Amino acid sequence: MRRSTGVGIVVVALVLTVGGCGGGGTHENGGTAAAEATPGRSADPAGPLPEAADGRDYGACSDGACQVLVTSTADITANGTDVHVTVDGSVTFRTPGTLTNLGGQGSVAQFGSGLKVKVVAQHGKGAVLEFAVP
């Protein structure tokens, strides 16, 4: 009997190692799914931020499509919309007509029919934001 107990322990350890402990990511629709490993990206919201495709070049957002890093505050004009961004535990967007506060990774804000912003990752006073034309 001792041999079968040892085999059972090895099987359990193998299942836990291969299956992992499971992580969750939040999608725009509010559902969750296992985090996907993507080179250069961090799935851990408390870990380092992933690289933003356009870095801190906020001018890349002028056509409404960019991915930028914001630390503390930034003024970004995207697809004709002036957006003041503040990052401090959450991400706040202020436009001439709106004030939107997002809770973190996966959150999405839409400004009229011409612009939406997704929080790719957020940690402390830094966030990687993806601007797009819907």
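Keep in mind that what you see is a predicted model, and the values were worked out from it rather than measured. Atoms considered below: every heavy atom in the structure, side chains included; atoms not considered: hydrogens, waters and symmetry mates.
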(request) Measure the CG-CG distance between D82 and D75 for me, rounded to the nearest 0.5 Å. (result) 8.0 Å
(message) Treating Q122 as the side-chain partner and G124 as the backbone partner, does any N or O pair qualify as donor plus acceptor under 3.5 Å?
(response) yes
(request) For the pair D63 and N79, evaluate side chain to side chain contact (heavy atoms under 4.5 Å, CB included) and give the outcome as yes or no after the intermediate values. (result) CA-CA 5 Å; D63 65 354; N79 199 29; over 6 Å; no
(message) Measuring only between side-chain heavy atoms, which start at C-beta, is S107 closer than 4.5 Å to K118?
(response) no
(message) Give me the atom names and distance for the closest heavy-atom approach of S113 to P134.
(response) O-CG, 3.7 Å
(message) Please check this pair: side chain of N101 against backbone of T92, looking for a donor-acceptor N/O pair closer than 3.5 Å.
(response) no
(message) Quick check for you: to the nearest 0.5 Å, what is the distance between E130 atom CD and K116 atom NZ?
(response) 8.5 Å
(message) For the backbone of A53 and the side chain of E51, can you confirm whether one donor and one acceptor N or O come within less than 3.5 Å of each other?
(response) no
(request) Give the minimum heavy-atom separation between P50 and A121, together with the two atoms involved. (result) CD-CB, 3.5 Å
(request) Check for a donor-acceptor pair, side chain of T77 on one end and backbone N or O of G80 on the other, with a separation under 3.5 Å. (result) no
(message) I'd like to know if the side chain of T100 pairs up with that of R94 as donor and acceptor (distance under 3.5 Å, no hydrogens or angles considered).
(response) no
(request) Please write out which residues are connected to V91 in a hydrophobic cluster, directly or through intermediates, given that two of Ile, Leu, Val, Met, Phe, Trp, Tyr count as joined at side-chain heavy-atom separations below 4.5 angstrom. (result) Y58, V68, V70, I76, V83, V85, V87, F93, L102, F111, L115, V117, V119, L129, F131
(request) Check for a donor-acceptor pair, side chain of D88 on one end and backbone N or O of K125 on the other, with a separation under 3.5 Å. (result) no
(request) Might you point out which heavy atoms bring A52 and V128 nearest each other, and give the distance in Å? (result) CB-CG1, 3.9 Å
(request) Please round to the nearest 0.5 Å and tell me the distance separating atom CG of D57 and atom CD of Q67. (result) 13.0 Å
